[in-house]
J.: 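Okay, here's the structure, questions in a sec.
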Amino acid sequence: MTNTSGGHLAGASAVSPFVGHGEMADRMTAFDWSTSLLGPVEGWPQSLRTAVGICLSSRYPMVIWWGPELVLLYNDAWVPILGPEKHPALGRPGATVWPEMWHIIGAQLHSVLETGEATFSNDQLLPAMRFGYLEEAYFTYSYSAIRDESGCAGGVFTAVTETTDRVLSERYLRTLRALGDATSLAAADSGTTVENVCGAAVQSLAGDRDDIPFAAIFRIDHTGAPVPIASMGLADPSVLGTTPVSLWEAARAGDAMTLLDVPPAWAAAVQPGANKVGDAPPTTAAIMPVQLGDDGDVVAMLLAAVTPYRSLGEEFRGFLDLAAAQISRAVSDAVAHQAQSRRLAALAELDKAKSEFFANISHEFRTPLTLIAGPAEDSVNDAREPLGPTQRQRLDVIRRNTGRLRRLVDDLLDFATIEAGGMKPHRELVDLAAATHELVASFEPAVTRAGLRLHCDISSPHRPVLVDVRMWEKIVLNLLSNAVKYTLHGHIAVHLSERGDRVRLSVSDTGSGIPESEIPHLFERFHRVRGTVGRSHEGTGIGLALVAELVRLHDGTIEVRSQENVGSTFTIELPYPAATDDSPVLARPGRLADVYSPVDEALQWSRPEADTFHPAPDARPDPEAACVLVVEDNADMRGFITNVLAPHWKVIQATDGRAALELAREHRPDLILTDIMMPHLDGLGLLAALRSDPRTASTPVMFLSARAGEDAAVTGLDAGADDYLPKPFSTVELLARVRSNLELARHRNRESKFRTALIDSMQEGFFLADEVGTVVEANDAFWALTGYDAAGLPYPWPHPWVPARSEDSEAWALNQQGYERFLNGDGGSFTVPLTHRDGHRIWAACSLANVTDPHTGRRLFVGTARDVTADRLASQRDATLSGFATALAAEHSANALIKTAVEQLAGVFDADAVLVSLRGPGSSPPVLTAWPQSTANPDQDLNVAIDTARHRPVASVTTLAGTDGRAVLAAPLDGTATSAIAMRLRRTTPVSSEDSELFGLLTSHLASSLTTAREYEQARAVALTLQHAILGPTALPHGFAVRYTPAEEPLEVGGDWYDVIALSDDRIGVVVGDCVGRGLAAAAVMGQLRSATRALLLRGSEPAEALNELDLFARAVPDALCTTVFCAVIDSRASAITYSSAGHPPPVLADAKGHATFLQQAQSLPMAAWPRRGRRPQATLALPPGATLLLYTDGLIERRRESLADGMSRASAALVRHRNLHPQEVADGLMADLAPPNGYEDDVALLVYRHPPPPLEIRLPAVPANLRVIRERMRAWMPAAAIDAATLEDLLLAVGEAAANAVEHAGPNGGRDVDLEVTARIEQSTLTTVVADSGRWRPPQPSPHNRGRGIPLMQALADRVTIVTTDTGTSVELCKELRA
Amino acid sequence: MTEAQLDVTVDKARRPPLVTVVGEIDLANVEEFRSSLTDAADGAPAITVDLSRVSYCDSAAVRALYATAAATVVTLIAPTTGPMQALLSVTGLDQVVTVRSAR
């Protein structure tokens, strides 16, 4: 508080400079300064006192260094910077407090003292001894001079921030980034080793010896011994050779971080210059494992010494952990990199070995093949001992297939030779046209048999061409064979022509064509085009690759153009050099008879099924035997299998998958035996089709394939095949497998039953759902969980146990999320809320896995569901309690609190009814609060529970059985047997201990909130009582209306007040005031000033005099300074107001005609700001009849961004607008019109006074019609006279009766001769109305239902009735005492 | 103005007949009120008089009601507060007729 009225401050020394109530302010106050360097406080210069004041009142760390000794003075915020070891250091010279950094800051401080110029230091390193060790600490601070009274720098003022954490964090980050870069680079290097990476890591760490004075990485050798492989920061790394035992132990334990005391030998070897603070040796080192992957083997240990200038805190540990993790990652990468390189090298080696192996093995195959083919050929051709037809058939199969095998072996051998670079074309000059023509002609039968046409256009070349004729043969036949294989309709065309110096051969077909994506791979060896339709699926995938290689050997080119379902054209161009000499021309290349021709093979593709074997009639099995469907595109193989199986089972045959599918649907075989690679529909396609058809879904399928090896078997079995038999197989093996599969199928039903029993025995709920989420199977535990049963299967989505969206959209959404994950095939685990069949909520933890139905190949989901309702409730309980507490926190009154609490409880527990009973003191009946609210009689269950519970100790929960077996929970709400709460649950299931515990928890919370609320309500009641006691009088004299609106809820008291004091019959004191501030403190000041003013006015003081004396009083009241007061005395007899204003906004006076005047002729300064011997001014203003006076406080007119004058004129205009209304209505109108859009922000007090208007005087002939005129005139006059509506109506009737009497008795002239006179006037709160006539007056008559009722009525309606009858007439005087 | 101050309607179709009065009743127009009452009470064992929208009435109206109450059973619908209440109780009319609160 500052005295603004002027005058010099009485003396600075009177006030303590140690402001506030912080620790340092207290310490400074208690400190004995007289013995300090600064001397007693009284002697301190003002500059120091001011600085100390600023310092202590700041929340920012601040310190003052005063005088030549730089004596320390500091605030609370600076205490942590000083540290616990030095605090308190009040009054001590700086040099003795901070010796360790004085060489830096001492110089800076002295420079400021000498030059007076401020300094600024950013992130300055200041080694500080704060926690028992010299610390590397950083600060940002500014030293500025404090000028003393002589104008010199008397001290230094410092604002400081500690930046150690930030500076060090940035350094850690830099180090980690550099480490990451260095190790990643080293790990990516080809030929990298773990040692290289570790070396790079340690080298990188050497960049931050501030934090890590030295570091090393030890490789763990096979004995588990740590062997140093890289180090930094040590002058002699060999000291690491002697490793302490703890390092071994750490390596063995593999803990994330182990701390180690640095051995003296290592400490001695540390290179100097690690940290700017000094060269103290590190005492602690951290050991961390370097691991492969997250939980992999520990391959090395990182040893990092910890700088002695930091404590090993959380951040430093984090930094070291990250460094070790980075090294681990890089080492893992390096190890992976090494493994990858080794794999690549091994693969290359393997490839080479494979090529060699092919070459060798192919060669070795030829001999036995020749020895098989030769005798078979001989037997077939033996004319002397001719074979029988069956034997001939068998040997034909052998001959044909050895031929085919031979060709494959030859191709492989050729290929291997080419790859090994061993094949050179043996070129001769050949008549290529003739040779080609012959090759094409030889293929014609195969083409014709396939139902195709062959166009041949071989017109050139005319000159011989230099080619290897055997190779040319292979090229042409391979291309033709390919064309026939993939052309099902149309034709094949062969063109041979010369194009300048090239010979061009093109083979076109109208076949299936080649997908565009396959063309680039067409000439790769072993590549087989997928998805195309051909006559056979046989082939090795080397035909075209071989053609391409052969063309390349002739320096030629091969290209292909193809369009799917239209056809393909292969074009070969060979060089055609001009003839140089007369080399002999091989006109007609001979063909080797022993080579099984591709022509034969091509003929086989089109062999009708009728050609295949038919078992002898006597080998047919009995009709009851099982039926086996054999599907195989190779006719020989098909025949062979059929022959083997036919004696035992019924066999039907199909040449591809498509045909097989039809047969399977028609005949329902017991087993299907199928090749995998077939035209039209392959084995896998057939399997899928069979499984998706319910008629064949469970038919066992056995695959036969030439693709041996585990991979192929797994593919087949994965696809859902029942068995897999690789070629070649023996007759015995085939029979055994077919037999066992047929047996297995028979047992399958039994197995299915066993599986069901197994699933049902599971403890967890188990269910099986199809790909759209329909639950098709579930076990007993699942039914127990949900309350549903297997009878309702299948349960399509949304399942009946999924809460409906309309009932619980949140629960529904959770289930929907789970369902979407399910549809995406994500599987995994999630927890969802479900509704048990009986309606109660359960929570289930579900886990889903994707499986494929082995029979149908369809995607299915198996899921488990575990009841986690209890766990869920426990975790929800915390959330519930916090929600409950939040809801209650918003309520202040006990009633609202209980209402909210019962609603919350009902929601949390899904309650049926809740009742709270609160008993007041004494024997008054309890106050009941029920949920749901009902007027019906209180619930008997709950009443009983409340009576039981209220006698029990606090926080104990009583559980009772209510009607219908539903549980009732109850708990006391305090320990005095007066109050309790009871709740009945909606469900009939027993109360769980969780529910009971939660109820206890929530009701205890309610009990404590209730206690708080009651205390609060008591405080509020006190405040209200106080307000009513001090605000102003409740009974006002006539003509007054007041309004008071407090700004600060809920305490309805503030700094504004009004007062109306009846001083004598004619004189009324009127006061409006406004104290600074709000709330109870301001109210206390207001109360004192109000009482003082009232006393002064009652003593007879004039307004100005009263204010002068109030000044004296206000000076003694703390916080009364600047209170504004308007004080006035209204003299109703003199119709004048005398006033004086102490800084208060001027009141407004509006006369009956609407002219407004501000009462501002006696303005002076606010309370206690007026000079002690000054006289306050005083003015007097006449009050015109019917004028309205408005007194107010500034809250009424203040608005943001608006001048006070604007507010005053708005108030004045509003007053003029409402001037003819009753004062109460004027007050309401003003409060409404002047309210800012968001309501009043400050206290508002207003006082309206209506000066009585001129008396009402009516003189009219005494005729009935004028009765109404009299009423109308009175209705207009009364509100302006501040007479309220009820009083007005009473008076209208009283006057009406008197006037009617006069009219009735006015005589035979009907009253025209008689005049009726009505007057009304207000004097000193008394309204006097006189009704007089100039005729005779009849006294009351006792008739029960006739005349004379008027007088009792007048007496009932008016306070006094006086009837005076004279010769000239009768006068009735009606008096009414008025109150505001 | 004077003529328009009273509006009396008689609904004889109602059982009992209903007399509804709107406006002010004083000496100047009490005749109209009286004749309406007589009209309504003619032959009726009881009538209802609704004064709830009467803004002023004095003992002249009370006299008319007394006369009617002598002939038939009168039920009065009137405010039970303010000057009307004083009028009914001071004149003793509320002892003679049944008064039902207008609200």
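Per chain, numbering begins at 1; letters A, B, ... match sequence-line order.
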J.: If you measure from OG on S55(B) to CZ on R1275(A), what distance do you get to the nearest 0.5 Å?
T.: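 One finds 5.5 Å between OG of S55(B) and CZ of R1275(A).
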J.: How long is the span from the CG atom in N1301(A) to the OG atom in S59(B), to the nearest 0.5 Å?
T.: 7.0 Å
J.: Looking at CD of E1289(A) and OH of Y56(B), how far apart are the two atoms once the value is rounded to the nearest 0.5 Å?
T.: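 With rounding to 0.5 Å, CD (E1289(A)) is 10.0 Å from OH (Y56(B)).
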J.: Can we say R63(B) and E1297(A) salt-bridge, meaning some charged N sits less than 4.0 Å from an Asp/Glu carboxylate O?
T.: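 No, R63(B) and E1297(A) are not salt-bridged.
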J.: On a heavy-atom basis, which atom in A86(B) and which in L1357(A) lie closest, and how many Å separate them?
T.: CB-CD2, 3.8 Å
J.: With only heavy atoms counted, which part of A1286(A) is less than 4.5 Å from chain B, the side chain, the backbone, both or neither?
T.: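 A1286(A) has no heavy atom closer than 4.5 Å to chain B.
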J.: As an exercise, state the distance from CG of L87(B) to CG of D1290(A), rounded to the nearest 0.5 Å.
T.: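 Answer for the CG-CG pair, L87(B) versus D1290(A), is 11.5 Å.
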J.: What is the distance from atom CG of D26(B) to atom CG of L1292(A), rounded to the nearest 0.5 Å?
T.: 11.5 Å
J.: With rounding to the nearest 0.5 angstrom, report the CG to CG distance, L1293(A) to D58(B).
T.: 6.5 Å
J.: Give a yes or no on this: more than 12 heavy atoms of other residues, nucleotides or ligands lie within 6.0 Å of atom NZ of K899(A).
T.: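 Atom NZ in K899(A) is not packed in, count stays at 12 or less.
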